[in-house]
Amino acid sequence: MQELKAQGNEAYKEGDYRRAIQLYTEALEEEGTDEERAMLYGNRAAARNSYSLYKDAIGDCEKALDLKPDFVKAKLRLAKAKWMLCDFTDAIRCYSEVLAKEPKNSEAKADIESIKQDQSRLESAKASMANFEYSAARNSLNHILEHCEGSREVLILKARCNIHSNPEIAARDMRNILQSNQNDSEALAIRGKALLYSGMANVSSAMQHFRQALSLDPDFTEAAKLLKAARRFENVKQEANDLFKARQYEEADEKYTEALLIDPQNKKLNSVLFNNRAANRMSLKRYEDALKDVNKAIEADEYFTKALVRRSRINEELEKWDDALKDMQSASEMDRNLEEDLHSLKKRVKMAKRKNFYKILGVSRDADDREIKKAYRLAAKEWHPDKWHSSGDEEKDAAEIKFKEIGEAYAILSDPTKRRKYDMGVLDGESDHQAHDPFEGGHPFGGGFGGGHPFFQSAGGGNTFTFRF
């Protein structure tokens, strides 16, 4: 026994606490007096405290004190273990018992004062959390963990704070607790919430954690509420996405808004929703509203590449060219596959300094042939010279210029090859003869300009036209 104890002491001095625990355990398996066994339990408690096995250390201290009630070192180690587990009341009681026997024990006096400070910090942290002041609460909890590194309660509270700013850290801390006790339903629920706050990819895993917590404790209200909210979020989000795909944009907008109200605190999930609603609002041509949404998405996740690309597209529609380039540049630095998009955008920006054919027809850049043709008909009908023949010379001249621009825009955008070159920035109104003057050699609206047009036809002489829509 004594030889193993000596070897254990040597391992302890070298900081090899695992080896020391093993040697003390082997020594305890041999015969010895109560005094000798009490000492070994006390030594193993010290090694277990150093190895962060506080619950095991408490058990050793209690056995040592059963064998030797006046064992002061065992009482100090018991107090330390309880403090590490955030059992402040019992720790102070143990230290007070030491002081009753040794009034001048400096370790007990100093630790009691430190414990009282930790008690105050814990109360302060809980008050801050109640006021949603998570940063202040986290600072207080970090100070406590300098002493109480093994406290489940403090780690749980810290994880609750980190969920809102560092959900990945919260998930990691709860995983560490679950490694010690996989049936800890509260740790399961909190880790599930942390995963839910980590992003869309973790929603399924989060729901699995909530279900597991409820299987351990069917009356666990928090887990039940989290699971219900996660299910509702998934259902409403899917409904919104389906409506968007079906081009029911107004209805989709309502569903995205409903989904955003389910958990306003979940920044990562809501950043995806804001980005999706921005896409939907682009389809509604509500570009300013779309810009506000995508700004919120990027505010929540500055590395959200899709949102940066979408904001670039929105700014392009709003002709905020510098902002569009800045976002696409940032996105391409995160994803090299976007370098071609950046190159194409640079060409479009250069081209935009001349004429924006999409704007002239009043369509978005992703408009299909049907939308372009419809917009062209309406614009041509509105600005046809016959509608302005009784106006003043200045208005007639403006209408004629506008009418020619509409024809020029349609000549480019209705031709797949020319449109593709235009979108790539290698074709504009000045680089294509027909686009530059689409009425040369015959006006596409027939009548006094010559030629014919599929939507307008001369009804007789002069400049009188009838519409054939």
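Index from 1, following the sequence. What you see is a predicted model; the values in this text were computed from it and never measured.
Atom CZ of R93 has more than 12 heavy atoms from other residues, nucleotides or ligands within 6.0 Å. Applying the 6.0 Å contact sphere to CD of E319 captures more than 12 heavy atoms from other residues, nucleotides or ligands. A 6.0 Å sphere centred on CD of E340 holds no more than 12 heavy atoms belonging to other residues, nucleotides or ligands. Enclosure of atom CD in Q208 is not indicated, since only 12 or fewer non-hydrogen atoms of other residues, nucleotides or ligands lie within 6.0 angstrom. Other residues, nucleotides and ligands place more than 12 heavy atoms under 6.0 Å from the CG atom of N181.
R277 and T257 share a donor-acceptor pair across their side chains, judged by distance under 3.5 Å alone. A side-chain donor-acceptor contact under 3.5 Å links Y358 and R419. Side-chain contact of N241 with Y256: a donor-acceptor pair under 3.5 Å is present, judged by distance alone. With hydrogens and angles left out, the side-chain atoms of D90 and W83 include no donor and acceptor closer than 3.5 Å. Side chains of Q238 and D242: a donor on one and an acceptor on the other come within 3.5 Å. In this model, a donor atom of one side chain and an acceptor atom of the other lie less than 3.5 Å apart for Y95 and D111.
A distance-only check finds no donor-acceptor pair linking the side chain of N202 to the backbone of S205 [under 3.5 Å]. Put simply, the side chain of S114 gets close to the backbone of A110: a donor and an acceptor are under 3.5 Å apart. Looking at D16, its side chain does come within 3.5 Å of a backbone N or O of R19 through a donor-acceptor pair. Of the possible polar contacts, none joining the N131 side chain to the E133 backbone as a donor-acceptor pair under 3.5 Å is found. Distance alone, capped at 3.5 Å, is enough to place a donor-acceptor pair between the R191 side chain and the A171 backbone. Looking at S215, its side chain does come within 3.5 Å of a backbone N or O of Q212 through a donor-acceptor pair. Counting only distance, with no hydrogens or angles, the side chain of D184 and the backbone of E186 share a donor-acceptor pair below 3.5 Å. No side-chain donor-acceptor contact under 3.5 Å links S120 to the backbone of K116. Checked by atom type and distance alone, the side chain of D253 never pairs as donor or acceptor with a backbone atom of N280 at under 3.5 Å.
With values rounded to the nearest 0.5 angstrom, S151 atom OG is found 8.0 Å from I144 atom CD1. Rounded to the nearest 0.5 angstrom, D56 CG and C61 SG are separated by 11.0 Å. Rounded to the nearest 0.5 angstrom, K228 NZ and R232 CZ are separated by 8.5 Å. Between D293 atom CG and R286 atom CZ the span is 8.5 Å, to the nearest 0.5 Å. Note that CG of D118 is 11.5 Å distant from CD of E123, once rounded to the nearest 0.5 Å. Rounded to the nearest 0.5 angstrom, R77 CZ and C94 SG are separated by 14.0 Å.
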Discussion item. Apply side-chain hydrogen bond (donor to acceptor under 3.5 Å, both in side chains) to residues N275 and K306 and explain how you reach the verdict.
Written reply: CA-CA 8 Å; N275 189 50; K306 287 184 178 180; over 6 Å; no
Item to complete: Evaluate the side-chain hydrogen bond (donor to acceptor under 3.5 Å, both in side chains) criterion for residues R121 and H143: first the C-alpha distance (whole Å), next the side-chain angles of each, then the deciding distance (0.1 Å), finally the verdict.
Response: CA-CA 8 Å; R121 290 186 181 112; H143 282 299; 4.7 Å; no
Worksheet entry | Intermediate values then yes/no, side chain to side chain contact (heavy atoms under 4.5 Å, CB included), N356 and R365 | CA-CA 10 Å; N356 185 336; R365 291 184 177 275; 3.8 Å; yes
Worksheet item: Are K268 and S198 close enough, and set up right, to give a side chain to side chain contact (heavy atoms under 4.5 Å, CB included), and what steps lead you there?
Response: CA-CA 6 Å; K268 283 288 182 70; S198 297; 5.7 Å; no
Worksheet item: Yes or no on side-chain hydrogen bond (donor to acceptor under 3.5 Å, both in side chains) for R348 and S344, after CA distance, side-chain angles and deciding distance?
Response: CA-CA 6 Å; R348 291 199 300 275; S344 178; 2.8 Å; yes
Item to complete: Using the side chain to side chain contact (heavy atoms under 4.5 Å, CB included) rule, take M282 and R310 through it: C-alpha gap first, then chi angles, then the decisive distance, then the call.
Response: CA-CA 9 Å; M282 284 184 72; R310 178 148 291 132; 4.0 Å; yes
Practice prompt. Determine, stepwise, if the pair N176 / Q179 fulfils side chain to side chain contact (heavy atoms under 4.5 Å, CB included).
Written response: CA-CA 5 Å; N176 293 340; Q179 286 175 345; 3.9 Å; yes
Practice prompt. List the steps and the verdict of side-chain hydrogen bond (donor to acceptor under 3.5 Å, both in side chains) for N235 and E239.
Written response: CA-CA 6 Å; N235 291 336; E239 288 178 27; over 6 Å; no
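Taking a cutoff of 4.0 Å between a charged side-chain nitrogen and a carboxylate oxygen, K402 and E408 do not qualify as a salt bridge. At a threshold of 4.0 Å, the pair E234-K237 counts as salt-bridged, since one of the basic side-chain nitrogens sits closer than that to a carboxylate oxygen. Ion pairing between E258 and K255 holds under the 4.0 Å rule for side-chain N and carboxylate O.
Under the 4.5 Å side-chain criterion, counting only non-hydrogen atoms from C-beta, D341 is not in contact with S332. Looking at N162 and P167, their side chains never come closer than 4.5 Å, going by heavy atoms from C-beta outward. Counting heavy atoms from C-beta on, the side chains of K374 and I372 never come closer than 4.5 Å. Between F233 and L269 the shortest side-chain heavy-atom distance falls below 4.5 Å. At least one side-chain heavy atom of T305 sits under 4.5 Å from a side-chain heavy atom of L338. For the pair L157/L122, a side-chain contact is recorded, criterion being any heavy-atom separation below 4.5 Å from C-beta on. Residues F274 and V294 form no side-chain contact, since every pair of their non-hydrogen atoms from C-beta on lies 4.5 Å or further apart. Between Q119 and I92 there is a side-chain heavy-atom pair separated by less than 4.5 Å.
Between S364 and K285 the shortest heavy-atom distance is N-CE, 4.2 Å. Minimum interatomic distance between K396 and S391 (heavy atoms only, all atoms of both residues): CE-O, 3.5 Å. Here the closest heavy-atom approach between residue S271 and residue D301 is recorded as OG-CB, 4.3 Å. Residues D327 and N315 come closest through the heavy atom pair OD2-ND2, 3.7 Å. The two residues E382 and K387 have their closest heavy-atom pair at O-CD, 3.8 Å. Shown here for E371 and V363, the closest heavy-atom pair between the two residues is O-CG1, 4.0 Å.
In this pair, H164 and Y134 present their aromatic rings parallel. The plane angle is below 30°, not in the 30 to 60° band. Under the 30°/60° scheme for interplanar angles, the aromatic rings of W388 and W383 are found to lie parallel.
The six-membered or imidazole ring of Y410 lies near that of Y376, with a centre-to-centre distance under 6.0 Å.
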